[in-house]
Structure formats: C-alpha cells, structure tokens
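Below you'll find the structure, written out as structure tokens, and then a few comments.
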Amino acid sequence: KTYNVAVVGTGAVGQTMLKVLEERNFPVGKLKVLATSRSAGKTVTFRGEEYVIEETTPASFAGIDVALFAGGEASKIYGRAAVEAGAVVIDNSSNFRMDPEVPLVVPEVNPQDVRWHKGLIANPNCSTIQMVVALKPIYDAAGIKRIVVSTYQAVSGAGQEAIDELRQQSQQVLAGEEVTGKVFPWQIAFNCLPHIDVFLENGYSKEEMKMVNETKKIMGDDQIQVTATTVRVPVFNGHSEAVNVETREKLTAAAARELLRRAPGVVVVDDLAAKAYPLAIQADGRDEVFVGRIREDFTIANGLNMWVVADNLRKGAATNAVQIAELLVQEGLL
Ligand SMILES: O=C(O)C/C=C/c1cccc(C(=O)O)c1C(=O)O
C-alpha cells in the first residue's frame, strides 16, 4: 500500500523531510511539494524524479493521506483545511504543540499518544526531542524529579540563511574584515549567544520554555521540574546538550549507561580512554541520539550528568516527523 504525501515548506527542514522520506523508503504514492509563492515554480528531486513546487492553497490537500508541515505559519493557515481534506497533519511548528487536543510525539518515548490524534500530530522542538530520547530509559528505570539542561545549538536550527551567515562571518573574521550579519542578534562566528527566539516576562527565552513545557507533555508527567539555558554556538549542524538529571531512585552511571545501550534510537559513545564521546560533526546526517560523558553528579544523592548530541534537522525535526508517519502506518491509522 502507498500513501499520498504532501511536504509543506522547502527550506532546510522541508528539504530534509524529502531526503528522509526517500532514504527510509517511506511508501510514498503521490508526492506534492508545497510552499509560498516565493518558492513556487522551483523544482526539487525525489526518487530521481523532478517535482515542481506548488503554491499552497486550501485545495492543495485533496487526496493527500499525510501532510508534513516543515514549520512556520503554514499550519496555522492550512492545517485545518488539510485535516478537513482527509489528511493527517504532522506539524513541525510549535503552533499546536501545547494544544490538549494534539498529541506531541517522539516515537521512542510516547508512541501510544498517536492513537488519540484528531487529525493533527505535533512534532516537538529539536532540543526537546533529543533530550527526551536520552532521558526516557532513565525515567522508566528510576523516575525523574528535576532536569537542568544547557544547550549548544547549531546555526542550521535557524535555517539556510543562518548557515550562510556563519560561513560568511567566519571568513570575514579570519580575513580581518568587518563582520556583517542579520540573522542573529550579535556576531555568531567565534561567539556564543544565550539568545534563541524571543525573551519572555520570566527572563527565559521561548526556546528554553519550549524545553520546559514540551518535556512534561511528552513524558506525561507534570511533576518533572525542568530548567534550561539554550545557547547558539558557531556549529553548522548538530545540537549538543549538557543534561543534569535528578532521579527519584538511585541509578549509578554504569546502570544508566547499560540502560542507554539498550534504548531505542540511542547510541552510547562513552569511552574516555579512547577520547570517545558524542560529537556534533559525527552526528551530522545520522538519525540516532548520541549519549556520552555519563557520570554521577556527586553533589546530590541521585544525580547524573550526560552529554547528548543529535542532528537537529534529522532526528530533531524531519526524521522524527517521518517516524511518526511510519508509526501511523504500523498502527493502521493512515
Ligand atoms: O533554533 C533552533 O535551533 C531550533 C528552532 C526551532 C524553531 C524555529 C522557528 C520557529 C519554531 C516554531 O515552530 O515555533 C521553531 C520550533 O520550535 O521548532
């Protein structure tokens, strides 16, 4: 059986969605590639065939079984029309993530939640996805009271223009030229910016509050205390995170490492003698979440520290969305 698929958005995430659909051999029947008028008319290649990008309209979704929305405002404008046309919408934007009628799903963590979808399923924020994949086995074994996370986020999370800006600014700095830029609030080349998305009344950024709120919903546990500091770093692709977790029961580093070795979607890279720990440059292009530097936090009774890395365009966005579509097929929900 094949499924008619629409991909809405042709930026970094939308293009990665097409690549992942092809690589994972998702059973695509008809494909529609939709975007704003800005991209309509351009072409993309999928399974060796050229597709002309069409401008999205409410009528675009007739005959579509699953619509993958890459991000931005599109799902606010067309999400309901797509559902009414009979498509299941998997939305990578934050527009509906906290809507109680919308499941927020990471297949390795809460696959069961796809069963109560009412037409729209939300894909979590990239930084949240990789963290909950790493924390799920620990949560199941020992419970989680509190999470303190600091992120080191690649510029690709801010799109193709941000990738180009890092390259251009790096060259300008090395050439001793004036540094120019418009995507980030300050120079990103050779710098770290504790500023992702807008700042809120409580002094946190929206990116930080996404990690706080989305983690509770995905894990199905409002008692988990989360605090986050999200930082943009001069890395092209791949988000890294320093995660500190306080468990309810004692879990040694060795036990945590063993649990993670067996966890779905996780690769443990943790051999200090071999200087082996997760690296963004090694996670690039991969679909797994890489965990290392697993050690006890000796400042509290039940504490663990770890370093968590993943490709933010793939497992952080496109692959997670395609895995939700695969889950819908497996569950007979498409
Ligand atoms: O900047 C990053 O590394 C991740 C950014 C994610 C993002 C960017 C613009 C809008 C959104 C949004 O949908 O709110 C999101 C998201 O939360 O997925």
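First listed ligand is number 1; within each ligand, the first listed atom is number 1. Start at 1 with the first residue, then count along the sequence.
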Closest approach of any protein heavy atom to atom 10 (C) of ligand 1, naming residue and atom: K210 NZ, 4.5 Å
Nearest neighbour in protein (non-hydrogen) for atom 13 (O) of ligand 1: S94 N, 2.7 Å
Ligand 1 atoms in contact with Q153 (distance to a heavy atom under 4.0 Å): 2 (C), 3 (O)
Nearest-contact summary for atom 5 (C) of ligand 1 - protein heavy atom, Å: G157 O, 3.6 Å
Among V44, V52, T56, side-chain contact (heavy atoms from CB on, under 4.5 Å) partner for V33: V44
Single hit among D91, L328, V102 for side-chain contact (heavy atoms from CB on, under 4.5 Å) with I121: L328
Residue, atom name and distance, where the atom is the protein heavy atom closest to atom 1 (O) of ligand 1: R232 NH2, 2.6 Å
Protein contact of atom 6 (C) of ligand 1 - nearest heavy atom, named by residue and atom, plus distance: N125 ND2, 3.9 Å
Short side-chain to backbone donor-acceptor contact, R257 and D270, under 3.5 Å: no
Flag for E54-S60: side-chain donor and acceptor within less than 3.5 Å: no
Residue H239 vicinity, atoms of ligand 1 by number, heavy atom under 4.0 Å: 3 (O)
Close-contact set for ligand 1 against N92 heavy atoms, below 4.0 Å: 18 (O)
Lys/Arg N to Asp/Glu carboxylate O, E23 vs R314, below 4.0 Å: yes
Residue-ligand contact D197/ligand 1, heavy atom below 4.0 Å: no
Aromatic contact, F69 with F61 (centres under 6.0 Å): yes
F96 six-ring centre to R80 NZ/CZ under 6.0 Å and within 45° of normal: yes
Ligand 1 atoms in contact with C126 (distance to a heavy atom under 4.0 Å): 4 (C)
Atoms in ligand 1 with a heavy atom of E207 nearer than 4.0 Å: 4 (C)
Atoms of ligand 1 close to S93 [distance to a heavy atom under 4.0 angstrom, numbered from 1]: 13 (O)
Salt-bridge criterion met for R24 and E326 (N-O under 4.0 Å): yes
Protein heavy-atom partner closest to atom 18 (O) of ligand 1 - residue, atom, separation in Å: R97 NH2, 2.7 Å
Donor-acceptor contact below 3.5 Å, side chain Q169 vs main chain A189: yes
